[in-house]
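A short write-up of the structure that comes next.
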Amino acid sequence: MASGKSVILVTGGTGLVGKAIEKVVNDGEKKENEEWIFVSSKDADLTNREQTEAMFEKYKPTHVIHLAAMVGGLFRNLKYNLDFLRLNTIINDNVLNISYKMGVKKVVSCLSTCIFPDKTTYPIDETMVHNGPPHNSNFGYSYAKRMIDIQNRAYHTQHGCNFTSVIPTNVFGPYDNFNLEDGHVLPGLIHKVHKSKKDNTEFVIWGTGSPRRQFIYSLDLARLFLWVLREYQEIDPIILSVGEEDEVSIKEAAELVVEAMDFKGKVVFDTEKSDGQFKKTASNAKLRKYLPDFKFTPIKQAIKETCEWFEKNPDQVRL
């Protein structure tokens, strides 16, 4: 990033990824000329144009990492596709338009692998985002996220803005949402094992355990976000993920959680429950072209650290 003082505003700054970026910044990655500001919905309702403008006026950011979004698990998405579409579209439009109006030098927005076409070939890569409709269960959220990529291109072609986006695979780590109904796979497994251990019951995994996922540790993702903010010059999105060879099955992930939490009870697969998508393998070839030597935290260690955080911070765990 250029010399002179940089003020970096992180929206959604108290969530899983925001907290990870804050930790990485505070643990020595902060540069002398940088001021980092982490904001949440308490600071401004980003669906409200006036509140968003007031926040930007207050902090006068030179750079923005845009993580804020209305999110939810499968069942909330199925029920509220319109809300996910409208509210996320409004949030993104406010953040990008005000960034443009206030002369923000760079915006990095966060997309999601669920935006990819439902019917596709694997591995998926950055060129395939708009190749066909996303999965029907969360089309509202997916299209709103896809539109960030379209807006980035439009702001660049019409105004020369340096607005870009990243697409992480399944993120996990401290400060995740561990809600059993609405959370994601790994935090759900961690919460379930913790509960089974406490209640002395069997640990039930939904489905067969055979679907495969690429999990990325939030602290690794945070380090990559800093690289994107400072070095990545493309407007086109970049997938931030471990390699295809590091994909693990839900069963393997569950076994790592069982080991990390020293659970001695019985493990059962409830095969009446659906498995969801078998795989969503993403290519990290583009990332590797830029960063051939980036070291990801081994999943076993990352799961262990997340389980330890979960057990040590009951007051900070979102259930």
Legend entry - Under 3.5 Å: donor-acceptor pair, side chain of K280, backbone of R213: no
Inset, instruction - Look at the aromatic rings of Y100 and Y155 and report parallel, tilted or perpendicular, splitting at 30° and 60°. - result: tilted
Inset, instruction - Using the six-membered ring wherever Trp is involved, compare the ring planes of Y232 and W227 and label them parallel, tilted or perpendicular (cut-offs 30° and 60°). - result: tilted
Inset, instruction - Evaluate the side-chain hydrogen bond (donor to acceptor under 3.5 Å, both in side chains) criterion for residues T164 and N152: first the C-alpha distance (whole Å), next the side-chain angles of each, then the deciding distance (0.1 Å), finally the verdict. - result: CA-CA 6 Å; T164 189; N152 287 346; 5.4 Å; no
Inset, instruction - With the side chain counted from C-beta on, respond yes when L189 and F178 share a heavy-atom pair under 4.5 Å apart, and no when they do not. - result: no
Legend entry - Donor-acceptor contact below 3.5 Å, side chain S283 vs main chain I124: no
Inset, instruction - For D176 and P187, work out which heavy atoms get closest and say how close. - result: OD2-CG, 3.3 Å
Legend entry - Donor on one side chain, acceptor on other, D149 and S165, under 3.5 Å: no
Legend entry - With Y175, the side-chain hydrogen bond (donor to acceptor under 3.5 Å, both in side chains) member among Q316, K19, K23: Q316
Inset, instruction - Please examine the side chains of V39 and V10, heavy atoms only from C-beta on, and report whether any two atoms are closer than 4.5 Å. - result: no
Legend entry - Separation of L240 CG from T113 OG1 (nearest 0.5 Å): 11.5 Å
Inset, instruction - Look at the side chain of K304 and the backbone N and O of I299, then say whether any donor-acceptor pair between them is shorter than 3.5 Å. - result: no
Inset, instruction - Taking the side chain as every heavy atom from C-beta outward, state whether N81 and N136 have any pair of such atoms under 4.5 Å apart. - result: no
Inset, instruction - With rounding to the nearest 0.5 Å, note down the distance linking CD1 in I65 to CG in L9. - result: 9.5 Å
Legend entry - Where P174 and S218 come nearest, the two heavy atoms and their spacing: CD-OG, 4.0 Å
Legend entry - Contact check, side chains of D275 and P211, non-hydrogen atoms, under 4.5 Å: yes
Inset, instruction - Please determine, by modelled atom types, if N92 and H66 share a side-chain donor-acceptor pair under 3.5 angstrom. - result: yes
Inset, instruction - Go through the steps to decide whether L186 and I303 satisfy the test side chain to side chain contact (heavy atoms under 4.5 Å, CB included), and finish with yes or no. - result: CA-CA 9 Å; L186 249 177; I303 286 179; 3.9 Å; yes
Legend entry - Nearest-0.5 Å distance, SG of residue C307 to CE of residue M261: 5.0 Å
Inset, instruction - For N48 and Q51, indicate whether the former's side chain and the latter's backbone hold a donor-acceptor pair under 3.5 Å. - result: yes
Inset, instruction - Evaluate whether atom CG of N200 has more than 12 neighbouring non-hydrogen atoms of other residues, nucleotides or ligands under 6.0 angstrom away. - result: no
Legend entry - All side-chain contact (heavy atoms from CB on, under 4.5 Å) counterparts of K264, not counting sequence neighbours: D262
Inset, instruction - Give a yes or no on whether the backbone of E34 and the side-chain of K30 come within a donor-acceptor separation of less than 3.5 Å. - result: yes
Legend entry - Exercise: identify the closest heavy-atom pair between N284 and F296: ND2-CE1, 4.4 Å
Inset, instruction - Would you confirm whether H135, through its side chain, and S137, through its main-chain N or O, come within 3.5 Å as a donor-acceptor pair? - result: yes
Inset, instruction - Decide yes or no on side chain to side chain contact (heavy atoms under 4.5 Å, CB included) for W36 and I21, but give the supporting numbers first. - result: CA-CA 10 Å; W36 286 80; I21 293 174; 3.8 Å; yes
Legend entry - Closest contact, heavy atoms only, K60 versus V7: O-CB, 3.9 Å
Inset, instruction - Enter the distance from I90:CD1 to T52:OG1 here, rounded to the nearest 0.5 Å. - result: 10.5 Å
Legend entry - Side-chain donor-acceptor contact under 3.5 Å, D199 with T201: no
Legend entry - Ring geometry between H194 and F310 (parallel below 30°, tilted from 30 to 60°, perpendicular above 60°): perpendicular
Legend entry - Check against side-chain hydrogen bond (donor to acceptor under 3.5 Å, both in side chains), T169 and S241: CA-CA 6 Å; T169 42; S241 173; 3.2 Å; yes
Legend entry - Main-chain N/O of T47 paired with D45 side-chain donor or acceptor, under 3.5 Å: yes
Legend entry - Centroid separation Y217 to F215 less than 6.0 Å: no
Inset, instruction - Output yes when a side-chain donor or acceptor of T11 lies under 3.5 Å from a complementary backbone atom of L67, and no otherwise. - result: yes
Inset, instruction - Check whether any side-chain heavy atom of I205 sits under 4.5 Å from a side-chain heavy atom of V268, and report yes or no. - result: no
Inset, instruction - Quick one: closest heavy-atom pair of S142 and I115, and the distance? - result: O-CG2, 3.7 Å
Inset, instruction - Decide, yes or no, whether a salt bridge links K279 with E247 under the criterion of side-chain N to carboxylate O below 4.0 Å. - result: no
Inset, instruction - Report, as yes or no, whether the 6.0 Å neighbourhood of atom NZ on K251 holds more than 12 heavy atoms from other residues, nucleotides or ligands. - result: no
Inset, instruction - Go through the steps for H191 and N179 under the test side-chain hydrogen bond (donor to acceptor under 3.5 Å, both in side chains), then give the verdict. - result: CA-CA 8 Å; H191 186 175; N179 176 321; over 6 Å; no
Legend entry - M70 backbone acceptor or donor facing N88 side chain under 3.5 Å: yes
Legend entry - R223 versus K295, closest heavy-atom pair with distance: NH2-O, 3.2 Å
Inset, instruction - Could you tell me whether R146 sits above the aromatic face of Y143, with NZ or CZ closer than 6.0 angstrom to the six-membered ring centre and within 45 degrees of the axis? - result: yes
Inset, instruction - Evaluate the side-chain hydrogen bond (donor to acceptor under 3.5 Å, both in side chains) criterion for residues D93 and Q151: first the C-alpha distance (whole Å), next the side-chain angles of each, then the deciding distance (0.1 Å), finally the verdict. - result: CA-CA 8 Å; D93 187 60; Q151 284 181 290; 3.3 Å; yes
Legend entry - N33 side chain to S6 backbone, donor-acceptor under 3.5 Å: no
